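Encoded as structure tokens, the structure appears first; notes follow it.
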There are 2 protein chains.
Amino acid sequence: MPTVDAETLRGLPHFGGLDAVARRRIAAGSRVRTLERGEWLFRRGSEPRAFFHVLEGCVQLFRSTPEGREQVIHRLRAGQSFAEAAVLTMSAYPVNAVATSSPTRLIEVGASSFLQVLDEDPRVARAVVASLCRRLVRLVQRVDELSVSSFEARLARYLLDLPAAGDGDDLVVRLPLPKKDLAAFLGATPETLSRQLRRWRDAGVADSRGAHITLHQPDVLLAVVADIPVPSHLPV
Amino acid sequence: MPTVDAETLRGLPHFGGLDAVARRRIAAGSRVRTLERGEWLFRRGSEPRAFFHVLEGCVQLFRSTPEGREQVIHRLRAGQSFAEAAVLTMSAYPVNAVATSSPTRLIEVGASSFLQVLDEDPRVARAVVASLCRRLVRLVQRVDELSVSSFEARLARYLLDLPAAGDGDDLVVRLPLPKKDLAAFLGATPETLSRQLRRWRDAGVADSRGAHITLHQPDVLLAVVADIPVPSHLPV
DNA sequence: GCCCTCGCTTGACGCACGTCAAGGCAGCGT
DNA sequence: ACGCTGCCTTGACGTGCGTCAAGCGAGGGC
């Protein structure tokens, strides 16, 4: 059970400004955990004893219905923290969490030491408030997207938000996750994703070869994102 | 422009524990506003100069697409605060806000005095963090609901969450808002709402007369909420 | 009384997506 | 080589829900 170096905590957004004493206190209540792909970190409804910070790999937060349909709420990569809110309300984790790559290394910060430091140091409180706010705004956006925009629009937005390389007039992006997971993240099925990419290929808008997707007409995608139906002067 | 009595602030969740000095500071940066039904409080994208606390009436937060489709994010009634997150990030209101009843009275708390007190008093920070967390959890629930559950399930859950009066074996609830607004809140259209109520009436599950809805078989609705398809031993 | 507006209800119709089922194609172990 | 097992793709089909359009009933003004 590897413990956490107090120095390591300096890198975390919440604890960057802390003095050495407080940092050592947090470090004492923390440890590093390593998970394999597919391993569960916590389940929805269980008691939140800790929040987490991703050092390496990827964690997916999701909910699921009794029949197995799942909605991915969030994907966390290196440098991001999560589950602070659950710790702060001290009620229950509202989602499930599993690692989606191997190995995934995390810092697990114990609830009690975190709450103590939070009460004593206004700077931590400030940092936590800020990060909660950012998350809140992002969620508001997702509520909006999931209910009013089509799958096409959600996918277009996702692709345009990826880091892209130019290639002549085209943009080329690389999917950072398998297509079936991307589909789940966008609240749809792999079949729907596949069909949308097919339609774009037929229309000459975008081509996909494996995880590499070439956007021939990014402006069309931009119009889709804005939810303005594209004037169909396109060849069949 | 009526100013705010420092005593009034004692009633607000964020400021209940404050000392008189801090409260007077907040009061100086605040005022009471009265809106008519339909009046705008702020628009998405504008700069957040204040957050609000509802004293009376109702405020609706929503987003809308260029073509006019709207998604209601939240409805606030007396005793609730909103837009703290926008103030804290200091970027832009992520939603629109309008009053939906007349009169709607609000306390408008100026951003600068709020931020100052937040930095100085850890108790305020704690209260704000707690309220943000609650909101975050509720939003996570909505992301989940909007994407994985059917309209029927969302409506069932909404009805079961209303305060109900018993009447024999039946439960009777009163819709606190017009049906078209309810439909929007649940991310659907009035037609869809109408049809669902019709189906329940035909199945003998629930009857609606205006805003009064009688639930003859609450257990069926409970099953719907759990997303377990109801075994159809029901008469046509 | 009449007419207007608004909220609600119904029907007809279309489309986006989910589900089920059947391949194709890669990688990988034996 | 073989057959696994996953991931992706495609087709056929069903359905939830939005859109359009019509009609209904309850106010409210004149």
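Each chain gets a letter, A, B and so on, in the order its sequence line appears, and its residues count up from 1. Predicted model, so just to flag it, every value in this text is computed and none were measured.
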* Asked: Do the side-chain N and O atoms of R138(A) and H74(A) include a donor-acceptor pair separated by under 3.5 angstrom?
  -> yes
* Using atom CZ of R201(B) as one end and atom C1' of dC8(C) as the other, report the distance to the nearest whole Å. => 12 Å
* Would you mind reading off the distance between R209(B) atom CZ and dT9(C) atom P, rounded to a whole angstrom? => 13 Å
* Give a yes-or-no answer on whether the side chains of D207(A) and H216(A) include a donor-acceptor pair shorter than 3.5 Å. => yes
* Is the F42(A) ring parallel, tilted or perpendicular to the F82(A) ring (thresholds 30°, 60°)? -> tilted
* To do: Nearest whole angstrom, please: distance from the C1' of dG24(C) to the NZ of K179(A).
  => 14 Å
* Whole-Å distance between dG16(D) C1' and L146(A) CG? -> 17 Å
* To do: State whether the side chain of Q71(A) and the backbone N or O of V143(B) hold a donor-acceptor pair below 3.5 Å, judged by distance alone.
  => no
* If you check every side-chain atom of T189(B), which of dG18(D), dC17(D), dG18(C) has the closest atom? -> dG18(D)
* How far apart are the C-alpha atoms of W40(B) and F62(B), what are their side-chain angles, what is the distance that settles it, and do they pass the ring pair (Phe, Tyr, Trp, His ring centres under 6.0 Å) test? -> CA-CA 11 Å; W40(B) 287 69; F62(B) 66 100; 5.8 Å; yes
* Asked: Are OP1 or OP2 of dT9(D) and a side-chain N or O of K180(A) less than 4.0 angstrom apart?
  -> no
* Structure fact -> L186(B) atom CG is separated from dG16(D) atom P, nearest whole Å, by 17 Å
* CD on E108(B) to OG on S30(B), rounded to 0.5 Å -> 8.0 Å
* **Ionic contact status for R49(B) with E47(B), cut-off 4.0 Å** => yes
* Let me know the distance between CZ of F151(A) and C1' of dA16(C), rounded to the nearest Å. => 11 Å
* To do: Not counting sequence neighbours, which residues clear side chain to side chain donor-acceptor pair (under 3.5 Å) with R199(B)? List them please.
  => Q196(B)
* **CA sep, side-chain torsions, deciding dist, call: R154(B), E145(B), salt bridge (Lys or Arg N to Asp or Glu O under 4.0 Å)** => CA-CA 7 Å; R154(B) 277 174 271 157; E145(B) 274 187 22; 5.9 Å; no
Tabulated below should be each protein N or O lying under 3.5 Å from an N or O of nucleotides 22-25 of chain D; please produce it.
none

* Structure fact -> Looking only at dC17(D), dT9(D), dG18(C), the nucleotide nearest the S208(A) side chain is dT9(D)
* Asked: By a strict heavy-atom criterion of less than 4.0 Å, which residues belonging to residues 191-200 of chain A are in contact with DNA chain C?
  -> E191(A), T192(A), R195(A)
